[in-house]
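Dropping the structure in here first, questions after.
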Protein chains: 2
Amino acid sequence: MSKKSKSPSIRDIAKEAGVAISTVSYVVNNKDLVADDTKKKVLKAVDKLGYKPNFIARSLRTRKTNTVGVIVYDISNPFVAQIVRGMEEIVKTRSYIMVLGCTFNNASEEERQINVMVNQFIDGLLIVSGSDNENIYKKILAKKLPLVFVDRELEKLPSTSIIIDNALAMEKAVDYLFSMGHRQIGYISYPMGKQTTIKQRYSGYVRGLEKNNLAYNSDYVIMDEKFTDKELEGKDMDITFKLMQDFIKTRKLPTAFITISDIIAYGLIKALKDNNIKVPDDVSVIGFDNIMFDDYMSPPLTTVKQPKKMMGITGMNLLLDIIEGKNTENKRIILPTEIIKRQSVKSIPLN
Amino acid sequence: MSKKSKSPSIRDIAKEAGVAISTVSYVVNNKDLVADDTKKKVLKAVDKLGYKPNFIARSLRTRKTNTVGVIVYDISNPFVAQIVRGMEEIVKTRSYIMVLGCTFNNASEEERQINVMVNQFIDGLLIVSGSDNENIYKKILAKKLPLVFVDRELEKLPSTSIIIDNALAMEKAVDYLFSMGHRQIGYISYPMGKQTTIKQRYSGYVRGLEKNNLAYNSDYVIMDEKFTDKELEGKDMDITFKLMQDFIKTRKLPTAFITISDIIAYGLIKALKDNNIKVPDDVSVIGFDNIMFDDYMSPPLTTVKQPKKMMGITGMNLLLDIIEGKNTENKRIILPTEIIKRQSVKSIPLN
DNA sequence: TTGTAGGCGTTATCAC
DNA sequence: GTGATAACGCCTACAA
């Protein structure tokens with residue numbers, strides 16, 4: 001097998017055009033220092049030999065790779081995929097390159113990936129994941145590497161984040177259910193590790209209850225460790241389904257459930273249906289995220305919409321701004337949420 | 001704001017340990033040429049200064065980046081996301097880095113991305129997309145850059161591909177429907193551009209019809225240009241839904257539909273339901289891909305399973321093998337499919 | 001406006 | 001076993 005054919009270097013162009021190396025560099029980098037006809041000669045040579053500046057060499061010299069790292073917990077999760085899609089859009093238009101890694105919320109895997117990327121390689125890092133270990137991020141911060149979190153934020157360290165007001169979103173969900181006549185409102189969530197979003201949502205749920213003078217009933221609240229079992233990557237739907245199968249048989253049901261993700265809501269609804277409990281006639285369900293399948297479920301899922309793509313877009317733009325020195329503060333950008341009313345919530349006549 | 005703190009270079013380590021640069025290099029790269037106590041000294045210095053070899057410099061020198069490019073048409077498509085997830089798994093275990101780009105089946109965007117990546121930057125390329133323009137790939141092939149297609153293959157050029165037998169899969173779908181008593185079998189697909197998968201599936205559909213002595217009825221076949229409208233990125237479900245709304249009102253329906261993706265099946269089913277046509281009682285539907293939501297639809301979707309994650313795993317392993325020189329032939333790996341029987345297909349009693 | 005030369009951090013090829 | 005040194009391809013003072 002023949003070798004990869006070697007591409008022409010800046011030297012070859014200089015020789016071909018009969019000019020100095022630096023002249024070629026100026027032309028290639030659009031520095032307006034070169035006489036027009038010299039420029040033409042150079043461009044002709046570039047074209048003839050098909051010269052492309054060597055990305056690696058340039059990076060070594062400039063200490064800039066035009067590459068950003070994106071670390072997510074699971075790219076096959078529709079919520080995440082949508083965020084990444086937004087990021088990709090920006091990366092593309094601003095001519096950066098995006099490196100992707102999945103961690104499945106495994107802290108050591110996250111650390112490994114961050115180390116690989118950070119190691120004099122990426123210009124900035126975007127994290128849509130959340131290990132329980134803030135020490136990992138401390139190192140990045142210490143290196144002054146641009147770092148932006150999406151759908152996460154740090155508790156103790158100052159951080160740049162694109163988030164929604166998770167507590168408020170949940171509070172509004174409770175309000176909505178309350179306004180529809182529900183007085184027994186259940187809650188299904190991952191257990192509370194150090195993920196701020198999960199904690200905030202829970203506090204929003206509790207706050208919503210209090211605000212509407214509803215008693216907190218632990219029978220109605222499920223926050224099971226199984227959700228975060230490392231062996232069960234990306235199987236949230238199936239886990240919820242199984243979990244709820246048990247739950248339904250052993251406990252009293254509320255008239256409505258709030259879930260922290262549409263995926264969990266899907267699992268819940270299936271379990272409910274399988275036990276001949278009608279949604280929304282017997283039990284109402286409200287999801288979170290507004291992923292693209294909600295409209296196609298039976299019943300179509302009422303949910304709290306997160307501006308997923310916009311979160312990706314905003315996060316990536318902010319990161320690139322920071323990289324380019326346009327923006328250096330520890331911003332905390334809060335994007336709006338909205339309850340999308342479909343058919344999985346039914347109003348209960350008051351009596 | 002202070003500058004990014006500069007990391008120590010191999011030179012710093014050499015100085016600290018009182019040895020030559022090359023010695024440090026040997027130690028760092030595990031070349032067994034160094035005396036044990038010299039090694040210890042070096043390692044100590046490495047540890048003390050927190051030295052990490054500079055990835056970029058190394059790449060410049062070795063002409064290897066340990067980076068592979070992955071080009072997909074849409075990361076937010078669950079089928080694609082699952083493939084990418086498989087790839088990510090392998091990338092991780094074989095210590096490569098993965099760069100991702102989405103093209104939305106836009107040929108010029110695909111070309112742009114390929115150019116960016118190929119430009120002396122990636123060690124190999126994995127494509128899960130398919131422009132109509134084989135010229136783009138010719139260039140890559142000419143450069144001898146390792147290139148693997150997943151769920152695609154080239155028509156005129158020899159290529160390395162991980163695919164399923166699309167024609168056979170569709171033929172089996174027809175067989176299955178026939179065995180369930182269906183004699184009017186419709187087909188919903190993207191229009192046939194140059195994508196081999198789409199063509200092959202269609203030919204499988206036709207073959208299945210012939211094999212079972214069923215007449216081809218163009219009234220039952222929908223292959224609309226709207227599916228590939230560039231403006232409608234990733235909206236297959238909604239497009240199908242609208243398309244079928246019209247279709248249902250104007251044409252006679254078959255007793256069963258085969259679709260080329262689960263996503264399209266979802267759109268179809270919703271349109272059917274909205275028009276009070278029951279699935280599967282009035283019309284059966286069979287999807288393609290077996291994405292993770294199938295089980296949660298009403299009715300759960302019968303579908304042709306593609307081994308998505310395995311396609312990603314196999315493709316990435318093959319690509320890395322080629323990069324590492326373990327494997328250089330133009331392989332064409334065909335992975336098996338399987339009909340997953342759920343509840344969207346009903347048997348029709350023969351009369 | 002153009003040319004020269006030094007250096008980015010490695011690895012690889014030689015000597016010693 | 002170890003050390004010096006020349007690339008890799010580019011950018012950028014600085015000199016001319």
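Not measured: the values here are computed from a predicted model. Scope of the values below: all heavy atoms of this structure, side chains included, with no hydrogens, waters or symmetry mates. Within every chain, numbering begins at 1; the chains are lettered A, B, ... in the order of the sequence lines, protein sequences first and strands thereafter.
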Gap between atoms CG and P, on B:D12 and C:dG9 respectively (whole Å):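 In whole Å, C:dG9 P lies 8 Å from B:D12 CG.
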Atom-pair distance (CZ on A:F121; P on C:dC8), nearest Å: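 Distance, rounded to whole Å: 22 Å.
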Which atom of B:Y73 lies closest to which atom of B:N105, heavy atoms considered: CB-OD1, 3.5 Å
Listed nucleotide nearest any side-chain atom of A:A20, set D:dC11, C:dT4, D:dT2: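 It is C:dT4.
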Nearest-nucleotide pick for B:I21, side chain only, options being D:dG1, D:dC11, C:dT11: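 The nucleotide sitting nearest to the side chain is C:dT11.
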Distance in angstrom units between B:K52 NZ and C:dC8 P, rounded: 22 Å
B:L33, nearest nucleotide to its side chain (from D:dT2, D:dG3, C:dT10):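 So the nucleotide nearest the side chain must be D:dT2.
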N/O (side chain, B:N29) to phosphate O (OP1/OP2, C:dT11) under 4.0 Å: yes
Enclosure of A:N330 CG (heavy-atom neighbours >12, cutoff 6.0 Å): yes
Contact under 4.0 Å: B:T38 side-chain N or O vs D:dG1 OP1/OP2: no
B:S22 vs D:dT2: side-chain N/O to OP1/OP2 distance below 4.0 Å: no
First encountered from the 5' end of DNA chain D, between B:R61 and A:A57: B:R61
Basic-acidic side-chain contact under 4.0 Å: A:E324, A:K64: no
Under-4.0 Å side-chain N/O to phosphate OP1/OP2 contact, A:T23 with C:dG3: yes
side-chain N/O A:R58 vs C:dC8 OP1/OP2, d < 4.0 Å: no
B:Y26 side chain near C:dT13 phosphate (N/O to OP1/OP2, under 4.0 Å): no
